[in-house]
Amino acid sequence: MHEQKSASSVPAKRSDGPQILSRDKHPVSRQHISSNALKVLYRLNKGGFDAYLVGGGVRDIMLGLAPKDFDIATNATPEQIKALFRNCRLIGRRFRLAHIVFGRDIIEVATFRGHHDGNSPQASCAKTSKQSEHGMLLRDNIYGSIEEDAERRDFTINALYYSVANFNVYDFANGVEDIKQRKIRLIGDPETRYREDPVRMLRAIRFATKLDMTISKETAAPIIALAPLLDNIPPARLFEEFLKLFLSGKALENFHMLRQYELFRYFFPVVDEALEQQSLLYLPAFLEQAFNNTDERINNDKRVTPAFLFAALLWYPIQQQIKVLKQTSSLTPQDAFFTAYGEVMARQQQSIAIPKRFQTVIKDILILQERLTRRDGKRAYRAFEHPKFRAGYDFLLLRHQVESAQGNNDLAELTDWWTEFQQRNYETQQQMIKSLARSKPSTRRTPRKRRRSPRNNKPQH
Ligand code: ATP
Ligand code: MG
């Protein structure tokens with residue numbers, strides 16, 4: 001057994017080779033591994049290559065968890081992998097990978113990565129290796145040995161390799177000990193590793209919450225200072241990371257930890273600003289509740305959409321912007337909404353690229369907040385039949401829950417009305433709409449006023 005490292009970081013190179021755990025010294029068995037992953041491992045071995053289950057697959061089994069997916073590392077090149085499997089697709093630019101496709105199940109196979117030390121002929125070739133001015137790896141297609149591959153991985157607990165040829169687990173970076181100690185520890189010098197790939201800062205947090213572990217002191221130390229490196233991450237990649245952080249059942253914990261490490265602002269600059277300045281009264285409790293509900297739904301196997309969370313994050317900042325616009329211009333309420341929405345969203349998109357299909361739903365949920373207040377005539381039914389009614393109604397409930405907890409009951413009548421409306425038959429619903437008109441004559445006047453407004457006043461968005 002290797003002694004526990006007391007130095008400030010795990011050495012990048014080990015001369016003494018991996019720690020080898022034979023079958024009786026670890027809990028990883030083939031029963032835990034999907035039959036497709038096993039097929040790939042056996043086929044590679046049969047083809048004369050080394051092949052290992054690696055990363056989250058081994059780590060999670062060691063922790064008694066069910067792995068989310070199975071990643072495989074091999075000394076076969078992507079072309080050699082392709083030659084072995086008919087169902088193989090080569091993908092990726094930054095990391096060239098093989099996907100072995102079994103219907104909806106995809107097994108990812110990566111060739112061992114090597115070092116970018118500039119000494120190898122491969123490393124000096126821009127096609128295989130590329131680094132940005134900030135030390136970020138833009139391309140990482142240099143192949144190497146299993147030892148080098150282990151050193152290129154992010155955390156010690158992610159550098160465990162399991163072989164179906166001899167059932168050993170190979171531990172290159174003291175990951176087994178860190179699993180026991182429940183420590184998230186970067187391999188190599190933390191600052192260099194974060195500079196190579198700033199997303200590792202987010203991964204440190206994600207694994208800490210997901211696995212209920214703590215980030216080691218040395219691995220945590222540089223994060224706040226290096227956080228601005230996340231500005232260089234393409235918005236599309238940050239969107240992927242957002243999904244992993246906020247739609248895997250640990251949104252609330254990840255939110256708090258991202259805030260603590262000053263990383264949240266790179267996802268939601270407008271929201272972070274408001275939280276820092278404490279300028280939006282209901283925002284903190286609203287986010288807390290939205291993340292909490294999302295976690296609960298995921299942990300109960302209920303469906304969630306990222307659009308709901310985006311809507312929750314942006315609702316109060318948009319309301320704030322509407323107020324600003326109203327002070328400085330004479331926009332109609334509808335135009336003010338669309339303008340504010342456009343402005344806040346434009347700023348948001350610079351950080352995370354939210355795909356169009358989610359943007360449509362976000363907009364629907366937000367627009368419904370206003371539409372749900374107009375219930376006269378046929379309007380209640382039109383809102384009720386809206387494909388996103390349920391999400392809009394849930395969003396309204398959430399707003400009411402948070403605002404009423406702070407003494408504001410403005411939404412009580414509206415939420416109660418909609419809750420009842422959904423449970424009633426057609427006749428009772430009609431009565432509900434009529435009694436609404438009786439109790440609030442002003443709601444009758446509103447539509448007439450709007451109908452008179454000129455056509456070209458319609459939002460151009
Ligand atoms: P999970 O799949 O449960 O989120 P995982 O550890 O399997 O966790 P993946 O993103 O699937 O994470 O990556 C598989 C493995 O690839 C990791 O365990 C790690 O060894 C390596 N890896 C992934 N991303 C990076 C990175 N940014 N830098 C270095 N190594 C990485
Ligand atoms: Mg994985």
Side-chain angles (χ1 to χ4, degrees), residues 10 12 18 28 32-34 36-37 40 52-74 91-92 94-99 105-116 131 135-142 144 146-162 169-175 178-179 184-213 219 226 229-230 232-234 237-238 240-250 254:
V10 177
V28 184
H32 301 119
I33 303 168
S34 78
N36 291 334
V40 175
Y52 301 86
L53 185 68
V54 65
V58 186
R59 179 198 68 215
D60 289 355
I61 296 171
M62 299 278 277
L63 283 162
L65 305 169
K68 185 167 78 51
D69 47 35
F70 294 97
D71 300 305
I72 289 172
T74 177
I91 60 141
R94 210 167 60 85
F95 290 107
R96 202 159 155 74
L97 289 172
H99 274 179
D105 187 22
I106 292 175
I107 306 293
E108 205 166 275
V109 185
T111 307
F112 294 148
R113 310 263 161 221
H115 284 294
H116 292 252
Q131 219 160 349
M136 194 159 91
L137 288 181
L138 300 177
R139 212 162 285 156
D140 190 5
N141 286 322
I142 293 170
I146 184 170
E147 286 82 6
E148 289 171 311
D149 185 80
E151 286 159 12
R152 302 266 338 108
R153 293 191 178 264
D154 46 7
F155 303 103
T156 60
I157 59 168
N158 286 347
L160 299 169
Y161 295 70
Y162 170 79
V169 165
Y170 297 83
D171 177 4
F172 288 89
N174 229 13
D178 281 340
I179 283 184
I184 305 294
R185 197 190 306 275
L186 271 171
I187 298 171
D189 170 54
E191 178 162 347
T192 313
R193 301 310 308 281
Y194 288 139
R195 284 191 184 281
E196 282 173 1
D197 183 2
V199 166
R200 289 174 185 148
M201 295 188 270
L202 305 175
R203 289 174 62 87
I205 284 163
R206 182 159 69 84
F207 290 128
T209 58
K210 169 179 163 150
L211 306 171
D212 198 15
M213 292 188 174
T219 297
L226 297 181
L229 292 172
L230 284 175
N232 306 315
I233 302 299
R237 187 163 179 221
L238 271 195
E240 293 302 319
E241 293 303 318
F242 165 83
L243 293 184
K244 291 184 196 168
L245 284 156
F246 289 91
L247 289 153
S248 303
K250 296 279 181 178
N254 284 330

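Read the numbers this way: they start at 1 and go in the same order the structure lists the ligands and their atoms.
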*Have N158 and R59 got a donor and an acceptor in their side chains that come within less than 3.5 Å?*
yes
*Between Y194 and L186, is any pair of side-chain heavy atoms under 4.5 Å apart?*
yes
*Subset of ligand 1 atoms that lie under 4.0 Å from at least one heavy atom of D197*: 26 (C), 27 (N)
*Show which atoms of ligand 1 fall inside a sub-4.0 Å distance from at least one heavy-atom site of G56.*
5 (P), 6 (O), 7 (O), 18 (O)
*Evaluate the ring planes of F112 and Y52, with Trp represented by its six-membered ring, and classify them as parallel (under 30°), tilted (30 to 60°) or perpendicular (over 60°).*
tilted
*Using a strict 4.0 Å cut-off to heavy atoms of G55, name the atoms of ligand 1 that fall inside it.*
18 (O)
*Quick one: which ligand 1 atoms are inside 4.0 Å of a heavy atom on D71?*
7 (O), 11 (O), 14 (C)
*When you measure from atom 3 (O) of ligand 1 to each heavy atom in K210, K68, K244, R203, which option holds the nearest one?*
K210
*asked:* I'd like the atom name of the N/O/S atom in D69 lying closest to the Mg ion (ligand 2).
replied: OD1
*asked:* Considering both backbone and side-chain atoms of R193, is one of its nitrogen or oxygen atoms within less than 3.5 Å of a nitrogen or oxygen in ligand 1?
replied: no
_Can you see whether T156 engages N174 through a side-chain donor-acceptor pair at a distance of less than 3.5 angstrom?_
no
*Which of the atoms in ligand 1, numbered in the order shown and given with their element, are less than 4.0 Å from a heavy-atom of R206?*
4 (O)
*Determine whether R152 and E196 make a side-chain contact, defined as any pair of heavy atoms from C-beta on separated by less than 4.5 Å.*
yes
*Does D69 have a heavy atom less than 4.0 Å from any atom of ligand 1?*
yes
*Nearest-0.5 Å distance that lies between atom CD1 in I184 and atom NZ in K210*: 10.5 Å
_Test item, F207 contacting ligand 1 (heavy atom, 4.0 angstrom)_ = yes
*Would you mind finding which of R59, R153, E240 brings a heavy atom closest to atom 6 (O) of ligand 1?*
R59
*asked:* I'd like the atom name of the N/O/S atom in D71 lying closest to the Mg ion (ligand 2).
replied: OD2
*Enter the distance from K250:NZ to L211:CG here, rounded to the nearest 0.5 Å.*
9.0 Å
*Of all the heavy-atom pairs spanning I61 and V28, show the shortest one and how long it is.*
CG2-CA, 3.8 Å
*Atoms of ligand 1, numbered as shown, that sit under 4.0 Å from any heavy atom of R152*: 29 (C), 30 (N)
*Considering all heavy atoms of both residues, which atom of R193 and which atom of D154 are nearest to each other, and what is their separation?*
NH1-O, 4.3 Å
*Please state whether E108 comes within less than 4.0 angstrom of ligand 1, counting heavy atoms only.*
no
